[in-house]
A.B. asks: 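A single structure is presented below for examination.
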Amino acid sequence: MAGAGSPVGSLAVRAPVTGTVVAMAGVDDPVFAAGLVGPGLAIEPDAEAGRDVVAPIAGTVVKLHPHAVLIRAADGRAVLVHLGINTVQLGGRGFTLHIAEQDVVDVGQVLFTWDPAAIRAGGRSAVCPVIALEADPGVLAHPASDGDHITAGAALFTWT
């Protein structure tokens, strides 16, 4: 993977879902909250905002699970989108994938369909961490702040 200092230029990372921005420290998962896989922001999805999850960057799908996707941009930087906390326990139930590994996706392309309300009803968090994989925290500029309402496709942060 590209190191934090190797890419040239900035990469705009868009919100994959509509909802309320949550600082990573506020995510109820110690790995995400501590930034162990990289810095980023999370989004608590709106119940009424639709069920589509869109690509936050353009690139190649390098890893795919029913509840998570890793997309690598052409310059080597990779962004992880994780749908909910402990959703791996669902074994794919409640998630519809519209992509496959090695697909090339465009910003805003629908990746998944899911029901955040059903995730919450099952006792899990529906919060969606969006991670700049293996980046140094100092390379992210955050146009969105904790508590902001954001629409899917809007600028979440910039990876510089």
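Counting from 1, the numbers follow the sequence of the chain as shown. Bear in mind the structure is a predicted one, so any value in this text is a computation, not a measurement.
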A.B. asks: Closest heavy-atom contact between A144 and I150?
C.D. replies: CB-CD1, 4.1 Å
A.B. asks: Got a sec, which residues hit side-chain hydrogen bond (donor to acceptor under 3.5 Å, both in side chains) with Q89, two or more places apart in sequence or on another chain?
C.D. replies: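 R124.
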A.B. asks: Inspect the surroundings of CG in D28 and state if more than 12 heavy atoms from other residues, nucleotides or ligands are less than 6.0 Å away.
C.D. replies: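 Atom CG in D28 is not packed in, count stays at 12 or less.
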A.B. asks: Going by the rule side-chain hydrogen bond (donor to acceptor under 3.5 Å, both in side chains), which residues pair with D115 if we only count those two or more places apart in sequence or in a different chain?
C.D. replies: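 Scan of D115 (side-chain hydrogen bond (donor to acceptor under 3.5 Å, both in side chains), adjacent residues dropped) gives R51.
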A.B. asks: Can I get a per-line list of side-chain donor-acceptor pairs under 3.5 Å for residues 29-39, giving both atom names and the distance, sequence neighbours left out?
C.D. replies:
unit_1: D29; atom_1: OD1; unit_2: V31; atom_2: N; d: 3.0
unit_1: D29; atom_1: OD1; unit_2: F32; atom_2: N; d: 3.1

A.B. asks: Measure the spacing between CD1 of I85 and SG of C128 and express it to the nearest 0.5 Å.
C.D. replies: 8.5 Å
A.B. asks: Under 3.5 Å, side chain of T158 to main-chain N/O of T160, donor-acceptor pair present?
C.D. replies: no
A.B. asks: Please report the interatomic distance CH2(W159) to CG(L133), rounded to the nearest 0.5 Å.
C.D. replies: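 That separation rounds to 6.5 Å.
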A.B. asks: Under 3.5 Å, which donor-acceptor pairs do the side chains of residues 102-113 form with other protein atoms, sequence neighbours left out?
C.D. replies:
unit_1: D103; atom_1: OD2; unit_2: A100; atom_2: N; d: 2.8
unit_1: Q109; atom_1: OE1; unit_2: D106; atom_2: N; d: 3.1
unit_1: T113; atom_1: OG1; unit_2: D52; atom_2: OD1; d: 3.4
unit_1: T113; atom_1: OG1; unit_2: H98; atom_2: NE2; d: 2.5

A.B. asks: Rounded to the nearest 0.5 Å, what separation is found between the CG atom of L41 and the CD1 atom of I43?
C.D. replies: 8.0 Å
A.B. asks: Are any non-hydrogen side-chain atoms of N86 and V88 less than 4.5 angstrom apart?
C.D. replies: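 Counting from C-beta outward, N86 and V88 never come under 4.5 Å.
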A.B. asks: For residues 149-160, which residue pairs pass the salt bridge (charged side-chain N to carboxylate O under 4.0 Å, His left out) check, not counting sequence neighbours?
C.D. replies: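 Qualifying pairs, neighbours excluded: none.
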A.B. asks: Any heavy-atom pair between the side chains of F95 and L90 that's under 4.5 Å?
C.D. replies: yes
A.B. asks: Could you work out, with salt bridge (Lys or Arg N to Asp or Glu O under 4.0 Å) as the rule, every residue matching R120, not counting sequence neighbours?
C.D. replies: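 Once residues adjacent in sequence are excluded, the partners of R120 under the salt bridge (Lys or Arg N to Asp or Glu O under 4.0 Å) criterion are E44.
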A.B. asks: Name each donor-acceptor pair under 3.5 Å that joins a side chain in residues 12-27 to protein atoms two or more places apart or in another chain, with its distance.
C.D. replies:
unit_1: T18; atom_1: OG1; unit_2: A152; atom_2: N; d: 2.9

A.B. asks: List the atom of V139, the atom of A135, and the distance in Å for their closest heavy-atom pair.
C.D. replies: CG2-CB, 3.9 Å
A.B. asks: For side chain to side chain contact (heavy atoms under 4.5 Å, CB included), just list the numbers for V79 and R72, CA-CA rounded to whole Å, side-chain angles, deciding distance to a tenth of an Å, and then say yes or no.
C.D. replies: CA-CA 6 Å; V79 173; R72 185 176 319 282; over 6 Å; no
A.B. asks: Would you be so kind as to tabulate the donor-acceptor pairs closer than 3.5 Å made by side chains of residues 54-65, with sequence neighbours excluded?
C.D. replies:
none

A.B. asks: With the side chain counted from C-beta on, respond yes when V130 and L80 share a heavy-atom pair under 4.5 Å apart, and no when they do not.
C.D. replies: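 They are not in side-chain contact.
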A.B. asks: For residues T87 and I119, determine if any side-chain heavy atom of one lies less than 4.5 Å from a side-chain heavy atom of the other.
C.D. replies: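 Answer yes - side chains close enough.
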A.B. asks: In terms of ring plane angle, is the pair H82 and H67 parallel, tilted or perpendicular, where the classes change at 30° and 60°?
C.D. replies: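 Taking H67 first and then H82, their aromatic rings stand perpendicular (interplane angle over 60°).
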A.B. asks: Could you pull out the closest heavy-atom pair between G40 and F157, with the gap in Å?
C.D. replies: CA-CE2, 4.0 Å
A.B. asks: Output the distance between atom CG (L140) and atom CD1 (I131), rounded to the nearest 0.5 Å.
C.D. replies: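 Result: 9.5 Å between the selected atoms.
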